[in-house]
Amino acid sequence: PPGPKPCRSNAHAPPPADTVPTPEGEVEELLARSGVLLFMKGSPDKPRCRFSRAAVEILRGHGVEFDHIDVLEEPGLRKAMQARWPTFPQLWCEGTLLGGADALRDLAAKCELLDALRSSTA
């Protein structure tokens, strides 16, 4: 019998090699503009990877309002953000990286997610 099918989602494909990263100034502006910002693959209603889905579920489960950016639609931004942290999703709060899905899961498990968000926004 044939083995498991490889994931055909282009969510895992790297951005094109000639993608120019979004300039640092634009990234800083974006981070400053949003209180809580999730860089993810897909959208909150249609996540395109399980880690992005997990991050959305954790945030929604805690009643956290957040903005999102679909890095699959924004390859320049994806490249710029990967220079700061290699994987997605990335949760940023007031310009501070809180981490990815694992960090969110850990904070939620320790009941520290809302404290971490609050201390970043204080």
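Because the structure is predicted, anything quoted here is derived from the model rather than measured.
Between F51 and A101, the shortest heavy-atom contact is O-CB, 3.6 Å. When all heavy atoms of L97 and W92 are compared, the closest pair comes out as N-CE3, 3.3 Å. Looking at every heavy atom in both residues, G42 comes nearest to D70 through N-OD1, 3.0 Å. Minimum heavy-atom separation, M81 to Q90: O-NE2, 3.2 Å. Of all the heavy atoms in L98 and A103, the pair that sits closest is O-CB, 3.6 Å.
Here K79 does not pair with D18 in a salt bridge; the nearest charged N to carboxylate O distance is not below 4.0 Å. Remark: R84 engages E28 in a salt bridge, criterion side-chain N to carboxylate O under 4.0 Å.
Looking only at side-chain heavy atoms (C-beta outward), E65 and V36 stay at 4.5 Å or farther from each other. Side-chain contact between L117 and L91 is present, with heavy atoms from C-beta onward closer than 4.5 Å.
The same ILVMFWY cluster, assembled from side-chain heavy atoms under 4.5 Å apart, contains both L37 and W85.
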Discussion item. side-chain contact (heavy atoms from CB on, under 4.5 Å) for D45 and V56? Distances and angles first, verdict last.
Written reply: CA-CA 9 Å; D45 294 324; V56 167; over 6 Å; no
Fill in: side-chain contact (heavy atoms from CB on, under 4.5 Å) between L30 and T22, worked out
CA-CA 11 Å; L30 203 59; T22 300; over 6 Å; no
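Among the candidates K46, E57, M40, the single residue satisfying the side-chain contact (heavy atoms from CB on, under 4.5 Å) test with S52 is M40. Residue L77 is tested with V71, I69, T19 for a side-chain contact (heavy atoms from CB on, under 4.5 Å); the sole match is I69.
In this structure, OG on S119 lies 11.0 Å from CG on L114, to the nearest 0.5 angstrom. Put simply, CG on L59 and CG on L113 are 6.5 Å apart, with the number rounded to the nearest 0.5 Å. If you take OG1 on T87 and CD on Q82, they are separated by 8.5 Å, rounding to the nearest 0.5 Å.
The aromatic rings of F39 and F88 are tilted relative to each other, their planes meeting at an angle between 30° and 60°.
Of the possible donor and acceptor atoms, none in the side chain of S34 sits under 3.5 Å from a partner among the backbone N and O of L31.
Pairs of residues two or more places apart, or lying in two chains, that qualify as side chain to side chain donor-acceptor pair (under 3.5 Å) and include a residue from residues 100-113 are D102-R105.
For R50, there are no salt bridge (Lys or Arg N to Asp or Glu O under 4.0 Å) partners at least two apart in sequence or on another chain.
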